Amino acid sequence: MRDELSVYFENPAADAMGYDQVEGRLFCGRDKVELQFKQKDRAFRKNENRVLEFDYSEVGKVDFLSGWFRPKILVFQARVQEKLEGFPGADVGRVALHVTKESRDEARKAAAFIEYRQSEAYLRESHERMSGARDEFGGEL
């Protein structure tokens, strides 16, 4: 299993002026998931790159939706909806990312990759909890 995965996306604008267009990437690293994005530049104002960070335990679900003659969409859902408040088009802790053509293979692997990393995080947490219980009871567990 690889250590990192990146899925690039370009969400089209939802308004007539085209100001809500978002582009960026979903980066899955060793310890966390980063949603890196930038809104389309407006006249006389530059929007900065923003990064939303999630521990793997904070990720609720990731699904890749594809169909014939339809946009390929990676649905990213957070367990806590406030974490996605700064993302344009986020709806109740859930965001739909329109995957670029070059990232479709990576998007298909994203759900399994995140699920694997979540299981590692849960295993690490339970091991730490058991080690703490062993120390508390004098090594009898």
Side-chain angles (χ1 to χ4, degrees), residues 1-42 44-141:
M1 168 103 5
R2 296 181 356 205
D3 288 342
E4 298 176 347
L5 181 93
S6 291
V7 178
Y8 292 89
F9 61 89
E10 293 178 0
N11 287 4
D15 64 335
M17 297 296 290
Y19 292 141
D20 285 339
Q21 180 178 350
V22 180
E23 55 187 38
R25 77 175 179 155
L26 179 71
F27 175 74
C28 304
R30 286 184 173 204
D31 300 325
K32 62 186 172 185
V33 177
E34 292 181 354
L35 188 57
Q36 304 166 353
F37 66 96
K38 180 179 180 181
Q39 279 185 284
K40 182 179 177 183
D41 292 339
R42 300 180 185 203
F44 308 114
R45 187 175 82 181
K46 299 287 185 187
N47 290 326
E48 303 215 2
N49 289 332
R50 297 199 46 209
V51 177
L52 302 177
E53 294 183 354
F54 302 86
D55 291 330
Y56 281 103
S57 60
E58 296 175 325
V59 177
K61 190 175 183 182
V62 177
D63 286 323
F64 181 65
L65 308 174
S66 73
W68 288 61
F69 306 110
R70 292 182 182 237
K72 309 310 182 222
I73 297 175
L74 186 70
V75 178
F76 180 84
Q77 187 171 357
R79 292 188 191 272
V80 179
Q81 67 183 6
E82 288 81 23
K83 295 281 283 193
L84 282 172
E85 276 184 356
F87 193 91
D91 183 32
V92 192
R94 181 177 184 262
V95 66
L97 308 173
H98 293 254
V99 178
T100 63
K101 190 174 186 177
E102 298 80 24
S103 288
R104 288 180 185 166
D105 290 336
E106 299 293 314
R108 285 183 186 91
K109 299 172 189 173
F113 185 87
I114 289 175
E115 187 176 317
Y116 176 75
R117 291 293 182 189
Q118 283 177 329
S119 66
E120 282 185 331
Y122 293 141
L123 183 63
R124 190 170 36 255
E125 287 175 15
S126 65
H127 180 69
E128 289 171 2
R129 193 171 50 245
M130 291 300 291
S131 295
R134 241 184 246 127
D135 294 341
E136 184 178 323
F137 293 109
E140 292 185 19
L141 287 179

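Given the structure is predicted, the values throughout are model-derived calculations rather than measurements. If you read the sequence from its start, that first residue is 1, and numbering goes on from there.
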Set of residues satisfying side chain to side chain contact (heavy atoms under 4.5 Å, CB included) with respect to Arg124, sequence neighbours excluded: Ala121, Glu128
Sequence neighbours left out, what passes side chain to side chain donor-acceptor pair (under 3.5 Å) with Glu34? Give chain and number order. Gln36
State the CD1-CZ distance between Ile73 and Phe64, to the nearest 0.5 angstrom. 9.5 Å
Please list, chain by chain and in numerical order, all residues satisfying side chain to side chain contact (heavy atoms under 4.5 Å, CB included) with Gln21, sequence neighbours excluded. Ala13, Glu23, Lys40
For Ala107 and Leu74, which heavy atoms make the closest approach, and how far apart are they? O-CD1, 3.8 Å
Where do Arg94 and Asp91 land on the salt bridge (Lys or Arg N to Asp or Glu O under 4.0 Å) test, with the steps shown first? CA-CA 5 Å; Arg94 181 177 184 262; Asp91 183 32; 5.7 Å; no
Distance, nearest 0.5 Å, that separates OG of Ser6 from CZ of Arg25: 4.0 Å
Quick one: list whatever passes side chain to side chain contact (heavy atoms under 4.5 Å, CB included) with Ser119, sequence neighbours left out. Tyr116
Any side-chain heavy atom of Val62 sitting closer than 4.5 Å to one from Val75? no
Flag, side chain of Ser103 to backbone of Val99, donor-acceptor distance under 3.5 Å: no
Does Arg50 have any salt bridge (Lys or Arg N to Asp or Glu O under 4.0 Å) partners at least two apart in sequence or in another chain, and if so, which? none
Taking all heavy atoms of Lys32 and all of Tyr56, pick out the closest pair and write down the distance. N-CE1, 3.5 Å
Which distance, rounded to the nearest 0.5 Å, do you find between the CG of Asn49 and the NZ of Lys38? 5.5 Å
Listed by chain and number, what are the salt bridge (Lys or Arg N to Asp or Glu O under 4.0 Å) partners of Asp31, not counting sequence neighbours? none
Enter the distance from Cys28:SG to Leu35:CG here, rounded to the nearest 0.5 Å. 10.0 Å
Determine, stepwise, if the pair Tyr8 / Glu102 fulfils side-chain contact (heavy atoms from CB on, under 4.5 Å). CA-CA 8 Å; Tyr8 292 89; Glu102 298 80 24; over 6 Å; no
Distance from Leu26 atom CG to Phe9 atom CZ, nearest 0.5 Å? 7.5 Å
Any residue meeting ring-ring contact (aromatic ring centres under 6.0 Å, His included) with Phe37, in chain and number order, not counting sequence neighbours: Phe87
I'd like to check the salt bridge (Lys or Arg N to Asp or Glu O under 4.0 Å) partners of Glu10; sequence neighbours left out, ordered by chain and number. none
Can you tell me if Glu120 has over 12 outside heavy atoms packed within less than 6.0 Å of its CD? yes
Atom pairs and distances, donor-acceptor, side-chain atoms in residues 76-85, under 3.5 Å, two or more places apart:
| residue | atom | partner | partner atom | Å |
| --- | --- | --- | --- | --- |
| Arg79 | NE | Ser57 | O | 2.9 |
| Arg79 | NE | Val59 | O | 3.4 |
| Arg79 | NH2 | Tyr122 | OH | 3.1 |
| Lys83 | NZ | Glu53 | O | 2.9 |
| Lys83 | NZ | Glu58 | OE1 | 3.4 |

Taking all heavy atoms of Gly67 and all of Lys72, pick out the closest pair and write down the distance. O-NZ, 2.8 Å
Which distance, rounded to the nearest 0.5 Å, do you find between the CG of Asn11 and the CG of Leu97? 5.5 Å
Going by salt bridge (Lys or Arg N to Asp or Glu O under 4.0 Å), name the residues that satisfy it together with Arg30, two or more places apart in sequence or in a different chain. Asp3
